[in-house]
Amino acid sequence: TCGGSLRVTCLACEIEIPVWDQVCGECGGNQKELLAAKIAEEKRLADEERIHEEERLAIEQRLAAAMREPLITNSIGMQFKLIPAGTFQMGKGQEAHTATLTQPFHLGVYAVTQDQYEKVTGANPSNFKSPQEHVEVVCWDDAVEFCRKLSDLPAGKSTGSVYQLPTEAEWEYACRAGTTTTYSFGDGESSLRDYAWYRSNSAYPQSGGFWSGLFKEASSYHHPVGEKKPNPWGLYDMHGNVWEWCQDWYGDYPSGSVTDPQGVKSGSYRVYRGGSWSLNSDGCRSAIRHRFTPGLRSTYLGFRVLRSSIK
């Protein structure tokens, strides 16, 4: 008969049916309804893709604007970089979860130096003394007290500046700088020596044990801040050199997405991040985290400061 060979594929069960059949004789699928649903789903997916692309472009624009912002230098010479708000994957493996930071913030371009610490507190507790090296042998309470005193300086009060330790989420977000790789520069540890002082390039004793000559060759282990390459957001020494105290108590990561996380409400240990000159490459990953009692003071432990404003 005329048109007898014209057949189409059922939109439900995918068998061939006569082109004029509105209902599939095999599965009972109404072809008109199925076609309308397919068109609606394709439109939904296209809209989602468009929205995601718009969000991606908006994020890129915010990042580009932040990167164009000039550094802020405070009254004692500390430099701060604007870090834009955003969302990232925090942690690694089974601990990985989505974290969103809703507010931009300024983070120290470098870890706090001995010179800066002494200007604020009148003391330099470091074992390996050099003005432009990171301050070390500071416990969590020392770091918090530094932030309090820095905020109380006349210049800080006049501008409404408040200084504090970054949260663990703020620290990792700034360290990753928009990346999802092992390090802020990629996955290859062979490039780590360009970005970090760590065990392989800090003259850490390769034989004879850690304490063999440690205090005889202090200058071989510790280095001035900013000698290596910065991460994509212009922050130096986020990998290696010294561990950096964070604001949070140490605890298990949440199982789902979080917004502006502050860590667990209480605990026995404070978080520090970033690795140090005494560790191998695995200990300097963007996701690496450690903890100790707030009273720990060590030659491999310093801190970096976040600046916000109450005005």
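These numbers come from the heavy atoms of this one structure, side chains and all, not from hydrogens, waters or symmetry mates.
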Item to check | Donor-acceptor side-chain pairing of Asp260 and Thr102 below 3.5 angstrom | outcome: yes
Checklist entry - Is the number of heavy atoms from other residues, nucleotides or ligands within 6.0 Å of CD (Gln94) greater than 12? => result no
Checklist entry - Can you tell me if Arg307 and Ser161 form a side-chain donor-acceptor pair at under 3.5 Å? => result yes
Item to check | Qualifying residues under side chain to side chain donor-acceptor pair (under 3.5 Å), relative to Gln114, sequence neighbours excluded | outcome: Asn124
Next on the checklist: Hydrophobic cluster membership, with links at side-chain heavy-atom distances under 4.5 Å among I/L/V/M/F/W/Y: are Trp245 and Trp277 in one?
Outcome noted: yes
Next on the checklist: If I take atom CG from residue Leu34 and atom SG from residue Cys27, how far apart are they, to the nearest 0.5 angstrom?
Outcome noted: 7.0 Å
Item to check | Glu189, CD: over 12 other non-hydrogen atoms inside 6.0 angstrom | outcome: no
Item to check | Aromatic ring proximity Phe303/Trp171, centre distance under 6.0 Å | outcome: no
Next on the checklist: Between Asn127 and Thr299, is there a side-chain donor-acceptor contact under 3.5 Å, judged purely by atom types and distance?
Outcome noted: no
Item to check | Nearest non-hydrogen partners of Gly108 and Leu235, listed with the distance | outcome: O-CD2, 3.7 Å
Checklist entry - For the hydrophobic clusters of this structure (ILVMFWY residues joined by side-chain heavy atoms under 4.5 Å, transitively), does one cluster hold both Tyr269 and Leu296? => result no
Next on the checklist: Is it the case that the ring center of His239 lies less than 6.0 angstrom away from the ring center of Tyr198?
Outcome noted: no
Checklist outcome for this item: side chain to side chain contact (heavy atoms under 4.5 Å, CB included) test vs Arg304 passes for just one of Val242, Val109, Asp237, namely Asp237
Next on the checklist: Restricting to non-hydrogen atoms, name the atom on Asp282 and the atom on Tyr183 that form the minimum distance, rounded to 0.1 Å.
Outcome noted: N-OH, 4.2 Å
Checklist entry - Partners of Tyr253 by side chain to side chain contact (heavy atoms under 4.5 Å, CB included), sequence neighbours excluded? => result Met90, Glu95, His97, Glu168, Glu172, Arg273, Arg289
Next on the checklist: A quick test of your reading: do over 12 heavy atoms of other residues, nucleotides or ligands sit less than 6.0 Å from NZ of Lys32?
Outcome noted: no
Checklist entry - Is it true that Val135 and Tyr110 fall in one hydrophobic cluster, defined by side-chain heavy atoms closer than 4.5 Å? => result no
Checklist entry - More than 12 heavy atoms of other residues, nucleotides or ligands under 6.0 Å from CD of Glu49: is that the case? => result no
Item to check | Over 12 non-hydrogen atoms of neighbours within 6.0 angstrom of CG in Asp194 | outcome: yes
Item to check | Point-to-point distance, once rounded to the nearest 0.5 Å, from OH of Tyr173 to OG1 of Thr100 | outcome: 9.5 Å
Checklist entry - Within a radius of less than 6.0 Å around CD of Gln89, do more than 12 heavy atoms belonging to other residues, nucleotides or ligands occur? => result yes
Checklist entry - Val8 and Pro18: which non-hydrogen atoms are nearest, and at how many Å? => result CG2-O, 4.4 Å
Checklist entry - Under a 4.0 Å N-O cut-off, is there an ion pair linking Lys38 with Glu41? => result no
Checklist entry - Where is the tightest heavy-atom contact between Ile72 and His106, given as atom of each residue plus distance? => result CD1-NE2, 3.2 Å
Item to check | Any side-chain heavy-atom pair of Met78 and Leu150 under 4.5 Å | outcome: yes
Checklist entry - Do the side chains of Leu165 and Val112 join up, straight or via other hydrophobic residues, at under 4.5 Å, putting them in one cluster? => result yes
Next on the checklist: Let's go through Tyr250 and Tyr272 carefully: what are the C-alpha distance in whole Å and the side-chain angles of both, what is the deciding distance for ring-ring contact (aromatic ring centres under 6.0 Å, His included) to 0.1 Å, and is it a yes or a no?
Outcome noted: CA-CA 9 Å; Tyr250 182 89; Tyr272 51 88; 9.4 Å; no
Next on the checklist: Does Lys228 qualify as a cation-pi partner of Trp197, given the criterion of NZ or CZ under 6.0 Å from the six-membered ring centre and within 45 degrees of its axis?
Outcome noted: yes
Checklist entry - Is it true that Phe146 and Val225 fall in one hydrophobic cluster, defined by side-chain heavy atoms closer than 4.5 Å? => result no
Checklist entry - Think Arg270 forms a cation-pi with Trp249, using NZ or CZ under 6.0 Å from the six-ring centre and within 45 degrees of its axis? => result yes
